[in-house]
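This report concerns only the one structure given below.
Just so you know, ligand 1 is whichever comes first in the structure, and atom 1 is the first atom listed for that ligand.
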Amino acid sequence: MKAIEIREKYLTFFKNHGHTVIPSAPLIPENDPSVLFTTAGMQPLVPYLLGENHPAGTRLTDYQKCVRTVDIDEVGDNRHLTYFEMLGNWSLGDYFKEESIQMSFDFLTKELGIPIEKLSVTCFTGDNDCPRDEVSAECWKKAGIPEDHIYFYGKDDNWWIAGEEGPCGPDTEMFYDTGKPACSENCQPSCDCGKYVEIWNNVFMEYFKDAKGNYTKLSKKNVDTGLGLERMAMLLQGKETPYDTELFAPIMQKLEELQKVDDIQSRRVVAEHLRSSMMIICDGGRPSNLDRGYVLRRLIRRMIRHMNKLAINLEEISTLIELNVDNLKEMYPDLSKNKEIIQSVMLEEKDKFIKTLTHGEKEFSKEKQKAEEQGKKQIDGKVVFRLYDTYGFPPEVTAELAKENGMTVDLEEFNRLFKEHQEKSRLGSEQKFKGGLADQNEKTIAYHTATHLLHQALRTILGDHVKQSGSNITEERLRFDFTHPQKMTKEEIKQVEDLVNEQIQKDLPVTCEEMNYDEAKESGAIGLFTDKYGEKVKVYTIGNFSKEICGGPHVTHTGDMGTFKIKKEESSSSGIRRIKAVLV
Ligand code: SER
């Protein structure tokens with residue numbers, strides 16, 4: 001069964017069991033600076049798991065695009081992925097253990113046709129915070145799982161929470177027996193020898209854990225489940241790794257054709273990082289030296305290093321992107337729409353990295369010589385950090401180079417310095433978040449409305465690929481960042497200015513309506529569609545020209561705003577342009 005069929009079957013099954021299918025939230029959470037990427041299906045739903053009402057009801061299902069990067073260095077083995085898709089179903093104070101377990105059992109055995117004997121399940125064994133989960137075990141037995149396929153484990157295995165604080169609870173996990181021989185007499189689902197593969201996780205979210213580690217009961221009992229699509233496809237197809245499924249096979253094959261040096265691990269790294277970078281760029285991510293931008297940069301650069309290892313010409317990145325869009329467009333139609341941007345961001349990053357490699361390698365040679373003169377076999381963490389900070393030279397590359405020269409690097413010190421640096425930038429960006437629209441006066445309000453006019457004008461003149469990626473307003477000017485692959489021409493700038501000024505001259509009325517996010521989306525409003533289904537939002541409409549989700553405030557009529565003038569159009573980061581404009 002192909003991955004896309006599994007997805008379809010899943011959504012249909014839960015739809016038939018009273019669930020509303022909701023769309024995947026973007027990989028980049030727009031309004032949640034606490035996480036870099038969406039890492040689980042439940043993440044966009046946290047407010048509802050904590051008790052808010054969801055407009056789509058109490059039974060939801062979706063597929064969610066996810067990125068997890070903790071294991072980035074493991075990618076290349078036979079199972080770790082940075083990008084993956086999670087299928088999920090939720091009960092928000094609706095059904096609980098029995099129905100959830102029965103549905104999972106039916107889906108696995110009837111829809112996917114997995115023989116019962118291939119399944120094992122695990123339940124929470126109980127501790128001071130929460131009793132042993134006999135109920136789940138009973139439900140499994142009732143559904144048809146034999147007792148000797150039911151295991152009990154502690155918090156390490158059968159408890160789920162995203163991070164340190166938040167909604168959480170005991171979970172019951174389902175495992176697929178690959179049929180490989182047991183590694184020992186004690187081989188169990190918790191064993192990581194590869195015989196048992198976890199396929200689905202149902203979390204019974206009854207608790208909230210606060211920052212101090214105290215557990216309290218939530219107002220409602222929820223169910224949150226997650227099923228990894230790539231893994232399921234691999235198992236159902238009887239493949240050894242996700243790379244052997246249709247999701248990766250065409251790219252893997254192409255890499256084999258192109259390579260001059262054979263290395264399966266490197267081929268996997270290239271195939272995996274190519275897909276995750278493309279998905280992140282598609283959702284508006286751009287490489288940079290900060291936070292999620294740095295994760296993307298690392299993914300692309302790691303991919304390039306492994307292309308180098310395979311001795312594949314880097315110009316082939318273009319071909320690989322083309323091939324991957326073709327292969328994945330049915331599952332992710334946005335990839336086709338954003339193909340040009342993906343190409344230009346990846347290629348630009350490649351060019352930057354080539355420069356970095358050359359500079360960094362020179363610097364490294366100097367440092368190596370210094371170390372040798374001092375009789376040292378180790379490169380200082382400070383040096384690794386300087387190479388990273390000044391030359392954009394990734395620490396893992398420095399470590400690799402050192403190794404090739406019979407040396408090591410002080411990664412511990414590097415990590416300490418890197419953390420310090422991260423902390424500084426985190427504080428910096430919190431300050432930035434606070435900036436926003438705190439000070440309102442006539443001038444800033446007019447700039448705010450001008451920002452909406454500009455946003456729409458850019459979309460009209462340049463195309464619908466234009467998306468806001470940042471905005472900052474002072475009394476003197478507006479600054480607007482947006483996705484667009486190349487420099488705007490003089491004519492385009494003029495056209496945008498003219499279009500904005502036309503709207504100002506028309507003295508258009510600005511009106512505001514409150515509606516749900518999904519209604520807003522349906523009404524054609526632009527803006528940050530993220531994880532806020534069901535939340536009431538304000539939609540500001542300017543004549544027939546612009547409709548945008550926004551907190552306001554705005555002018556009531558465009559007439560008195562002045563004349564709009566673009567002062568500067570420049571690059572902000574890869575694939576993102578920045579406009580500074582004034583009203584005079
Ligand atoms: N939140 C749980 C997980 O990520 C189940 O969806 O595994």
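For atom 4 (O) of ligand 1, the nearest protein heavy atom (residue, atom name, distance) is Trp160 CZ2, 3.1 Å. Distance from atom 7 (O) of ligand 1 to its nearest protein heavy atom, with residue and atom name: Asn201 ND2, 3.1 Å.
Ion pairing between a basic and an acidic side chain is recognised when a charged N comes within 4.0 Å of a carboxylate O; Asp71 and Arg68 show no such pairing.
Counting atoms of ligand 1 from 1 in the listed order, those under 4.0 Å from a heavy atom of Ala40 are 4 (O). Interface atoms of ligand 1 facing Asp224, defined by a heavy-atom separation under 4.0 Å, are 1 (N), 2 (C), 5 (C), 6 (O).
In summary, the aromatic rings of Tyr95 and His19 are positioned with their centroids under 6.0 Å apart.
At least one heavy atom of Arg68 sits less than 4.0 Å from an atom of ligand 1.
Contacts between Asp171 and ligand 1 below 4.0 angstrom, taking non-hydrogen atoms only, are absent altogether.
Judged by the 6.0 Å distance and 45° axis criteria, Arg7 is positioned over the aromatic ring of Tyr332.
From Trp200, atom CH2 reaches atom CG of Leu108 across 5.5 Å, with rounding to the nearest 0.5 Å.
Considering backbone and side-chain atoms alike, Gly226 places an N or O below 3.5 Å from some N or O of ligand 1.
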Test Lys220 against Asp94 for salt bridge (Lys or Arg N to Asp or Glu O under 4.0 Å), laying out the working first.
CA-CA 8 Å; Lys220 290 176 191 159; Asp94 191 311; over 6 Å; no
